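To start, the structure itself, in structure tokens.
Everything numeric here is computed off the predicted structure, so don't read it as measured data. In each ligand, atom 1 is the first atom listed, and ligand 1 is the first ligand listed.
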Amino acid sequence: MDLSRVRVLIDEDALRARIQDLGAEIRAEYGDAPVTAIAVLKGSFMFMADLVRAIGGEVRCEFLGVSSYHGGTRSTGVVRITQDLKHPIEGQHCLIVEDIVDTGLTMDYLLRLLQVRKPRSLKIVTLLDKPTNREVDVDVDFVGFTIPDEFVVGYGLDLGEVYRNLPYIAVYTP
Ligand code: 5GP
């Protein structure tokens with residue numbers, strides 16, 4: 001871990017405030033209905049923990065293990081499921097909780113994977129959106145922050161499994 005390579009982009013206060021608002025926005029969308037939040041691991045584990053508390057009401061937590069990078073900094077478009085959901089999602093209001101949408105390839109794959117399991121509804125929340133690199137159109141329902149095309153780490157996001165435990169989002173410069 002080399003902190004001289006990272007520069008804070010979104011600090012802890014900004015994250016906390018935005019996630020509170022996102023939670024309220026999401027709860028308003030579903031009313032009193034139960035929601036199944038599906039965290040895309042590993043990157044979204046920290047966001048998931050804060051977001052489900054901000055949503056409130058009845059929220060079931062599911063975890064989907066996905067690997068798309070294999071340690072580098074470019075998306076390959078090849079998505080590997082490393083851990084599947086533990087329960088069926090048929091008939092449930094499902095919310096995919098993602099850390100970042102970049103090319104959109106991962107999300108496009110996940111939408112198709114989950115849609116065939118017949119959820120009642122399927123929406124997406126991403127903490128970060130990097131729209132400049134989009135290769136496939138994905139309809140993201142809730143966005144925390146739109147960021148420029150830079151490689152970011154922290155708050156769950158890694159570079160080769162390092163930097164995930166930083167409490168803020170930072171730009172990493174090689
Ligand atoms: P996409 O398939 O949309 O290109 O990328 C989605 C996945 O790539 C994310 O879930 C995340 O794991 C990874 N990713 C994309 N951009 C970044 C970034 O700036 N930093 C990190 N750490 N991971 C990223």
Establish, from distance only, whether the side-chain atoms of Asp50 and Tyr155 form a donor-acceptor pair under 3.5 Å. yes

If the contact criterion is a heavy-atom separation under 4.0 Å, does Gly104 count as touching ligand 1? yes

Enumerate donor-acceptor pairs with a distance under 3.5 Å from any side-chain N or O in residues 15-23 to protein atoms, sequence neighbours excluded.
{"from": "Arg16", "atom 1": "NH1", "to": "Asp13", "atom 2": "OD1", "distance (Å)": "3.0"}
{"from": "Arg18", "atom 1": "NE", "to": "Gly144", "atom 2": "O", "distance (Å)": "2.8"}
{"from": "Arg18", "atom 1": "NH2", "to": "Val143", "atom 2": "O", "distance (Å)": "2.9"}

Atom indices of ligand 1, in the order listed, that fall short of 4.0 Å to a heavy atom of Lys130: 16 (N), 17 (C), 18 (C), 19 (O)

Could you grab the distance from atom NZ of Lys42 to atom CG of Asp99, nearest 0.5 Å is fine? 12.5 Å

Any non-hydrogen atom of Asp158 lying under 4.0 Å from ligand 1? yes

Residues that Asp84 engages under side-chain contact (heavy atoms from CB on, under 4.5 Å), provided they are two or more places apart: Leu64, Arg117

Taking only non-hydrogen atoms of Leu159, do any sit less than 4.0 angstrom from ligand 1? no

Take every heavy atom of Glu135, measure it against each atom of ligand 1, and state whether any distance is under 4.0 Å. no

Does a side chain donor of either Glu62 or Thr36 reach within less than 3.5 Å of an acceptor in the other side chain? no

Only heavy atoms of Glu150, strictly under 4.0 Å: list the atoms of ligand 1 that pass. 19 (O)

Can you find a non-hydrogen atom of Glu98 under 4.0 Å from ligand 1? yes

N/O separation below 3.5 Å, Val152 to ligand 1: yes

Measuring from Asp158:CG to Tyr163:OH, what's the distance to the nearest 0.5 Å? 11.0 Å

Which of these, Asp99, Asp129, Val79, Thr103, has its nearest heavy atom closest to atom 10 (O) of ligand 1? Asp99

Heavy-atom contacts with Leu157 under 4.0 Å: which atoms of ligand 1 show up? List them by number with element. 21 (C), 22 (N), 23 (N)

How many angstroms lie between atom CD of Gln92 and atom NE2 of His87, to the nearest 0.5 angstrom? 9.5 Å

